Amino acid sequence: MKLFSIVAHPRDNSFCHAISARVRTTMIEAGHDVVHHDLYAESFAPCLTAEEAYTTGDTLEVALSRVADPVVRQHREQVAQADGLLVVHPNWWGKPPAILAGWLDRVLVPGVAYRLAAADGLPEGLLRMEKALILNTSDTPEEREKEVLGDPLELIWGRCVLPFCGVQDYARHVFRTVTDSSESERHGWLAQAETMAKSMFARAQIGSA
């Protein structure tokens, strides 16, 4: 299976990086083909350009022809070829870091991730990937997030991004609270992330194994 992996955290010693590394190592050992991008390390430019700001598109070829940035072009091509998605990022103000939000704007565009016949029409998901695993870190207690905030990241990933692009089989988990966690807790969380990845990406094999 071809997996497209992203980590979005500015510190390379963050727990997000530890999660991503553990899961990627496990997936590679299981025989999956993993393409990975550390958005901060690669200095991914998150700002959507005027030329890229369109709402309708027909084909991948058209979408690729509309981007001058070779990095964005590469990401679009790789996402279009992937069978599964792995994303690791913290919860900042109830949203992904700005660099990842910009990645969504610039990479998951019409012709790559979805198709709209008209700006006010219903989307047709275009991604071939059928599975996604979203792993988050947070310092907000679960009870407070559910009662006060309503789990905004679930709204973003589970109701907006993934279904819009045609990805129906996904799992998301939040590891919390990270700041005051012990070393043993983090070891347990890493093992949990590994187990979740094995479960998600070991289901019906799709694409190339």
Side-chain angles (χ1 to χ4, degrees), residues 3-30 32 34-46 75 79 82 84-108 129 131-163 165 167 169-202:
L3 301 180
F4 186 90
S5 166
I6 291 177
V7 62
H9 197 292
R11 295 193 304 274
D12 60 10
N13 64 345
S14 70
F15 190 57
C16 280
H17 278 82
I19 294 170
S20 177
R22 176 69 168 266
V23 171
R24 284 184 284 115
T25 297
T26 300
M27 293 298 94
I28 292 170
E29 290 175 349
H32 298 296
V34 180
V35 174
H36 176 67
H37 292 281
D38 179 337
L39 296 184
Y40 281 97
E42 296 176 10
S43 298
F44 183 88
H75 282 234
V79 163
L85 177 67
L86 169 66
V87 180
V88 184
H89 72 84
N91 179 349
W92 287 351
W93 294 104
K95 62 178 182 57
I99 198 168
L100 179 52
W103 183 90
L104 294 174
D105 289 345
R106 300 193 71 196
V107 175
L108 301 187
M129 63 177 65
K131 302 172 182 296
L133 178 60
I134 314 297
L135 299 175
N136 302 132
T137 59
S138 176
D139 286 329
T140 303
E142 183 175 8
E143 182 178 353
R144 179 175 182 271
E145 178 153 25
K146 288 183 177 180
E147 293 185 358
V148 179
L149 305 176
D151 198 357
L153 285 180
E154 179 62 24
L155 295 177
I156 293 172
W157 288 108
R159 297 192 183 182
C160 297
V161 175
L162 296 175
C165 301
V167 182
D169 187 4
Y170 81 95
R172 191 180 71 86
H173 185 76
V174 185
F175 298 98
R176 69 176 100 213
T177 55
V178 173
T179 297
D180 59 359
S181 62
S182 66
E183 184 175 352
S184 62
E185 284 178 310
R186 294 190 181 203
H187 280 303
W189 290 341
L190 291 175
Q192 184 178 359
E194 179 179 331
T195 298
M196 291 186 67
K198 288 179 178 178
S199 175
M200 172 57 67
F201 298 120

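Values below: all heavy atoms of this structure, side chains included; hydrogens, waters and symmetry mates excluded. Only a predicted model underlies this, so the values are computations on that prediction, with no experimental measurement involved. Along the sequence shown, the residues carry numbers beginning at 1.
- For the atom pair CG of L39 and NE2 of H9, the computed distance is 13.0 Å after rounding to the nearest 0.5 Å.
- Contact annotation: the side chain of M129 approaches that of V79 to within less than 4.5 Å [non-hydrogen atoms, C-beta and beyond].
- Of the possible donor and acceptor atoms, one in the side chain of H17 sits under 3.5 Å from a partner among the backbone N and O of R11.
- Considering CZ of R24 and CE of M27, their distance stands at 12.0 Å, rounded to 0.5 Å.
- For the pair L85 and V167, the minimum side-chain heavy-atom distance is 4.5 Å or more.
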*What's the verdict on side chain to side chain donor-acceptor pair (under 3.5 Å) for N136 and H89, showing C-alpha distance, side-chain angles and the deciding distance?*
CA-CA 5 Å; N136 302 132; H89 72 84; 3.0 Å; yes
*asked:* Checking H36 against L86 for the side-chain contact (heavy atoms from CB on, under 4.5 Å) test, could you report, in this order, the C-alpha distance in whole Å, the side-chain angles of both residues, the deciding distance, and whether it holds?
replied: CA-CA 9 Å; H36 176 67; L86 169 66; over 6 Å; no
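- Counting all heavy atoms, side chain and backbone alike, P152 lies closest to G94 at CB-O, 3.4 Å.
- Distance CE/M196 to OG1/T26: 13.0 Å, rounded to 0.5 Å.
- The shortest side-chain heavy-atom distance between V107 and F44 falls under the 4.5 Å cut-off.
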*asked:* Could you go through V178 and W189, starting from their C-alpha distance and side-chain angles, then the distance that decides it, and tell me whether this counts as side-chain contact (heavy atoms from CB on, under 4.5 Å)?
replied: CA-CA 10 Å; V178 173; W189 290 341; 4.3 Å; yes
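- Nearest approach of S5 to S20, heavy atoms of both residues: OG-OG, 4.1 Å.
- Smallest separation of non-hydrogen atoms from A8 and P90: O-CD, 3.1 Å.
- No donor-acceptor pair under 3.5 Å is formed between the side chain of S199 and the backbone N or O of T195.
- Ring geometry for F4 versus H37: interplanar angle of 30 to 60°, hence tilted.
- Between the side chain of D139 and the backbone N or O of T177, no donor-acceptor pair lies under 3.5 Å.
- To the nearest 0.5 Å, atoms OG (S43) and CD1 (I99) are separated by 7.0 Å.
- Across all non-hydrogen atoms, the minimal contact from L133 to A197 is CD2-CA, 3.7 Å.
- Inter-residue side-chain proximity for L190 and I19 is flagged as met; some heavy-atom pair is nearer than 4.5 Å.
- In this structure, H187 has no ring-ring contact (aromatic ring centres under 6.0 Å, His included) partners at least two apart in sequence or on a different chain.
- Put simply, the side chain of V34 does not reach to within 4.5 Å of the side chain of F201, judged on heavy atoms.
- Atoms CG and CD1, on L153 and I134 in that order, are 10.0 Å from each other to the nearest 0.5 Å.
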*For V87 and L100, what are the C-alpha separation, side-chain angles and deciding distance, and is it a side-chain contact (heavy atoms from CB on, under 4.5 Å)?*
CA-CA 10 Å; V87 180; L100 179 52; 3.9 Å; yes
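- Shown here are the side chain to side chain donor-acceptor pair (under 3.5 Å) partners of E194, two or more places apart in sequence or in another chain: R22, K198.
- A distance of 6.5 Å separates CZ of F175 from CZ of F15, quoted to the nearest 0.5 Å.
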*Would L108 and V161 satisfy side-chain contact (heavy atoms from CB on, under 4.5 Å), going step by step from the backbone distance to the final call?*
CA-CA 9 Å; L108 301 187; V161 175; 3.8 Å; yes
